[in-house]
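Worksheet: one structure, shown below.
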Amino acid sequence: MTTPLHGKTALITGASRGIGKATALALAEKGANIAVNYLQNEGAAQKTAEEIRLKGVKAEIFQCNVGDLDALPALFENVTKTFGSIDILIHNAALGAFKPVHKLKMNQYDLSMNINTKAFLAMVQKVLPGMEAKKEGAILAISSLGSHRYIPNYGAIGISKAALESLIRYLAVELMPKGIRVNGVSGGLVDTDALKAFPFFEIFKQEVVKRTPAGRVATPEDLARVITFLCSPESSWIVGQIVIADGGLSLI
Ligand SMILES: NC(=O)c1ccc[n+]([C@@H]2O[C@H](COP(=O)([O-])OP(=O)(O)OC[C@H]3O[C@@H](n4cnc5c(N)ncnc54)[C@H](OP(=O)(O)O)[C@@H]3O)[C@@H](O)[C@H]2O)c1
């Protein structure tokens with residue numbers, strides 16, 4: 001029996017750890033070959049690739065700071081040379097300084113906007129010719145609840161995610177007629193290394209657990225399942241949506 005994503009290639013930014021890694025494994029389970037992008041943690045990227053290959057698909061690692069727009073042409077050239085094409089693009093990598101917005105330095109503001117938002121547009125422009133030629137493709141980016149509500153010290157990322165969500169909607173309308181589907185997935189707190197960047201993260205985590213109807217924070221796999229669905233043919237009628245997967249946190 002062929003799996004739904006058999007023969008497709010997915011490029012996932014920040015796939016060495018956390019949600020990106022869980023997504024890579026979930027897509028591989030559905031038959032996709034995976035291009036594992038990472039920033040600096042080569043060992044973790046290699047381990048992810050090895051775990052992916054155990055599922056019977058291809059995986060290679062690609063170091064690139066996706067916030068460096070000058071580095072993107074080489075990344076896309078290498079991935080395309082290795083796999084032939086890119087059918088699924090997932091922008092998962094994100095960075096940001098944790099501090100009050102009014103204390104942000106301009107270079108800290110730019111860092112989040114470049115990696116979290118601008119890089120997404122630049123990467124979409126890179127995959128477009130290939131997807132347009134095939135008249136199909138799935139593009140997705142990961143957002144967070146901080147895009148539309150106040151989370152202490154989270155402003156740099158939250159603002160960039162708000163712009164990212166808007167970008168998703170604009171791109172979705174423009175690209176759907178070409179057969180290319182763009183969506184987003186947003187989450188509350190997810191148990192990854194990123195969580196530890198929050199000041200007093202243990203207290204913060206306990207607070208979030210208390211306020212979450214599901215009674216826990218998310219695992220990376222909770223998000224990965226939703227992302228995989230949105231990249232699969234089963235979700236073909238979902239276009240330009242930011243699907244919130246947060247155990248009900250945002251309802252309260
Ligand atoms: N964790 C949460 O609570 C949460 C909640 C909602 C949404 N999200 C979103 O989910 C996504 C993933 O978060 P996470 O918690 O899984 O993060 P994480 O565990 O900290 O992992 C970050 C990943 O991104 C890579 N990365 C960072 N900067 C990069 C860059 N400039 N270029 C290429 N790769 C880069 C890292 O590579 P290295 O291993 O090489 O460092 C790593 O693979 C982010 O967009 C985040 O905003 C997270």
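We count ligands from 1, going down the list as the structure has it; atoms in each ligand are counted the same way. Source: prediction; values computed, not measured.
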Notebook entry, point to check: ligand 1 and Gln40, any nitrogen or oxygen pair closer than 3.5 angstrom?
Noted result: yes
Next item on the list: Please determine, by modelled atom types, if Thr48 and Arg17 share a side-chain donor-acceptor pair under 3.5 angstrom.
Entry: no
Note to self: Between Asp222 and Arg216, does any NZ, NE, NH1 or NH2 come within less than 4.0 Å of an OD or OE carboxylate oxygen?
What the structure shows: yes
Note to self: Against ligand 1, does Gly188 come closer than 4.0 Å with any heavy atom?
What the structure shows: yes
Check: Would you say Ser143 touches ligand 1, if touching means a heavy atom closer than 4.0 Å?
Finding: yes
Notebook entry, point to check: Under 3.5 Å between some N or O of ligand 1 and some N or O of Gly187?
Noted result: no
Notebook entry, point to check: Is it true that Lys205 and Asp191 have a side-chain N and a carboxylate O under 4.0 angstrom from each other?
Noted result: yes
Note to self: Show, in sequence, the C-alpha distance, side-chain angles and deciding distance for Val239 and Val182, and conclude whether the side chain to side chain contact (heavy atoms under 4.5 Å, CB included) test is met.
What the structure shows: CA-CA 6 Å; Val239 177; Val182 187; over 6 Å; no
Margin query: Please determine whether a side-chain nitrogen of the Lys or Arg among Glu51 and Lys47 lies less than 4.0 Å from a carboxylate oxygen of the Asp or Glu.
Written below: yes
Notebook entry, point to check: Got a salt bridge between Glu136 and Lys8, using NZ or NE/NH1/NH2 to carboxylate O under 4.0 Å?
Noted result: yes
Margin query: Looking at ligand 1, is there an atom of it that comes within less than 4.0 Å of some heavy atom belonging to Ala218?
Written below: no
Margin query: Tell me the protein heavy atom at minimum distance from atom 48 (C) of ligand 1, and give that distance in Å.
Written below: Ile19 CD1, 3.8 Å
Check: Can you find a non-hydrogen atom of Lys161 under 4.0 Å from ligand 1?
Finding: yes
Margin query: Among all the protein's non-hydrogen atoms, which is closest to atom 12 (C) of ligand 1, and how far away is it?
Written below: Asn92 OD1, 3.0 Å
Note to self: Which residue and atom name correspond to the protein heavy atom nearest atom 17 (O) of ligand 1, and how close is it?
What the structure shows: Ala194 CB, 3.8 Å
Check: How far is atom 28 (N) of ligand 1 from its nearest protein heavy atom, and which residue and atom name does that atom have?
Finding: Leu95 CG, 3.5 Å
